[in-house]
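Keep in mind that what you see is a predicted model, and the values were worked out from it rather than measured. All residue numbers in this chain count up from 1 along the given sequence. For ligands, and for the atoms within them, numbers begin at 1 and follow the listed sequence.
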Amino acid sequence: MHLSAQMLQTFNALFAEAQAAGEPEPSAMTLATLSEEGRVSARTVLLKHVDERGFVFYTNVGSVKGRQLAERPTAALLFQWKHLRQGVQVRIEGPVEPVTDAEADAYFATRPRESQIGAWASDQSRELPDRATFMARYEEVERRYAGGPVPRPPHWSGYRVLPERLEFWYGVPYRLHQRDFYEWRDGDWRHALLYP
Ligand SMILES: Cc1cc2nc3c(=O)[nH]c(=O)nc-3n(C[C@H](O)[C@H](O)[C@H](O)COP(=O)(O)O)c2cc1C
């Protein structure tokens with residue numbers, strides 16, 4: 001279920017066009033995950049890498065999303081690019097895999113030092129008694145790694161969403177939108193147009 005060269009090229013071309021069109025945060029995508037008992041959660045994350053294997057984001061693996069992905073390794077992603085053409089959406093669904101430690105290390109090393117320290121200090125999605133507690137944890141991590149590099153925390157890594165269904169949605173006036181839908185079936189991508 002690797003993306004076809006043509007699907008990847010369409011995605012990359014739309015992404016570049018969204019950037020050029022002044023889309024404020026083109027890499028922002030809604031990520032929906034599911035708990036064991038069927039509770040759905042959605043939040044925004046940033047796309048950090050895409051290739052024929054899928055769509056990569058990074059997070060705290062102990063967060064709500066991380067725990068849900070451990071229970072049910074499946075997700076939906078949604079990009080909405082309002083400034084592109086007459087509005088474009090890209091919808092992606094499929095299983096989720098952790099990235100390798102080497103991939104996570106390489107990306108973590110490119111982050112600003114403050115974000116690296118924040119990744120250690122934040123117990124993402126857990127209850128925080130007050131802001132001062134968080135700031136004290138931040139300062140403690142800052143002292144711990146003073147004068148040296150900040151290693152990647154064991155609770156911080158990435159996930160790759162492997163597309164099984166992907167839709168390019170193009171806005172057209174009067175709701176006469178164009179929907180290009182791809183589904184991975186029997187070892188190949190099947191393309192269909194959908195009614196808007
Ligand atoms: C524009 C934007 C980008 C974000 N990017 C990320 C991200 O890449 N990774 C991440 O863990 N959280 C990111 N967040 C924060 C998440 O939306 C969310 O608040 C956090 O990950 C906790 O989600 P959870 O409790 O459902 O796990 C971003 C938020 C916004 C508004």
Side-chain angles (χ1 to χ4, degrees), residues 11-12 14-51 53-84 87-135 137-138 141 150-163 166 169:
F11 180 85
N12 283 332
L14 287 171
F15 189 91
E17 208 184 308
Q19 262 174 323
E23 195 67 50
E25 195 93 69
S27 60
M29 54 189 186
T30 302
L31 162 74
T33 54
L34 186 63
S35 72
E36 195 135 51
E37 63 275 17
R39 187 167 60 89
V40 177
S41 289
R43 79 290 285 157
T44 312
V45 293
L46 296 180
L47 176 72
K48 290 298 174 184
H49 183 73
V50 59
D51 59 28
R53 292 170 298 165
F55 297 80
V56 174
F57 64 90
Y58 288 90
T59 193
N60 184 314
V61 302
S63 64
V64 167
K65 73 182 91 48
R67 283 178 267 152
Q68 291 194 339
L69 287 170
E71 291 169 7
R72 296 209 180 196
T74 183
L77 297 174
L78 170 66
F79 292 88
Q80 189 194 6
W81 295 319
K82 291 183 194 173
H83 300 262
L84 174 56
V88 174
Q89 302 187 83
V90 183
R91 300 173 61 176
I92 296 145
E93 295 170 6
V96 177
E97 275 180 7
V99 301
T100 62
D101 285 346
E103 269 180 284
D105 287 341
Y107 172 63
F108 189 77
T110 69
R111 303 188 82 207
R113 189 175 176 86
E114 293 78 1
S115 308
Q116 294 176 331
I117 294 170
W120 276 101
S122 173
D123 200 1
Q124 195 178 55
S125 312
R126 308 275 179 187
E127 208 167 304
L128 171 65
D130 49 40
R131 252 342 253 184
T133 303
F134 181 40
M135 289 302 118
R137 280 168 65 109
Y138 183 95
V141 177
V150 181
R152 177 174 64 89
H155 58 256
W156 190 96
S157 191
Y159 295 92
R160 176 175 278 108
V161 180
L162 315 180
L166 187 151
W169 180 104

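- The residue K48 has no part lying near ligand 1, judged by heavy-atom distances below 4.0 Å.
- Across R43, E71, R39, K65, a single residue satisfies side chain to side chain donor-acceptor pair (under 3.5 Å) together with T33, and that is R43.
- In this structure, atom 19 (O) of ligand 1 has no protein heavy-atom contact shorter than 4.0 Å.
- Nearest heavy atom pair, residue L46 against residue F57, reads O-CB, 3.5 Å.
- In plain terms, the two heavy atoms of G94 and V161 that are nearest each other are O-CG1, 4.2 Å.
- In terms of protein heavy-atom proximity, atom 15 (C) of ligand 1 is nearest to T44 O, 3.7 Å.
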CA sep, side-chain torsions, deciding dist, call: R53, E97, salt bridge (charged side-chain N to carboxylate O under 4.0 Å, His left out): CA-CA 10 Å; R53 292 170 298 165; E97 275 180 7; over 6 Å; no

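- Residue, atom and distance of the protein heavy atom nearest to atom 12 (N) of ligand 1 are Q124 NE2, 3.9 Å.
- Nearest protein neighbour of atom 11 (O) of ligand 1, counting heavy atoms only, is T59 OG1, 2.6 Å.
- At a 3.5 angstrom cut-off on N or O pairs, E25 does not count as close to ligand 1.
- The distance between the ring centers of F15 and F79 does not fall below 6.0 angstrom.
- Here the heavy atom of the protein found nearest to atom 23 (O) of ligand 1 is K65 NZ, 3.3 Å.
- Within the 4.0 Å heavy-atom cutoff, Y58 counts among the residues contacting ligand 1.
- Judged by distance alone, with hydrogens and angles left aside, the side-chain atoms of R72 form a donor-acceptor pair with the main-chain N or O of S35 at under 3.5 Å.
- Between L46 and ligand 1, an N or O atom pair is found at a separation short of 3.5 Å.
- Considering backbone and side-chain N/O of V64, one or more are found under 3.5 Å from N/O of ligand 1.
- Scanning the protein for heavy atoms near atom 6 (C) of ligand 1, the closest one is V45 CA, 3.5 Å.
- The protein heavy atom nearest to atom 25 (O) of ligand 1 is S125 OG, 2.6 Å.
- Expressed to the nearest 0.5 Å, how far CD of E114 lies from CD of Q116 amounts to 9.0 Å.
- Across L84 and E23, no two heavy atoms sit closer than the pair N-OE1, 3.7 Å.
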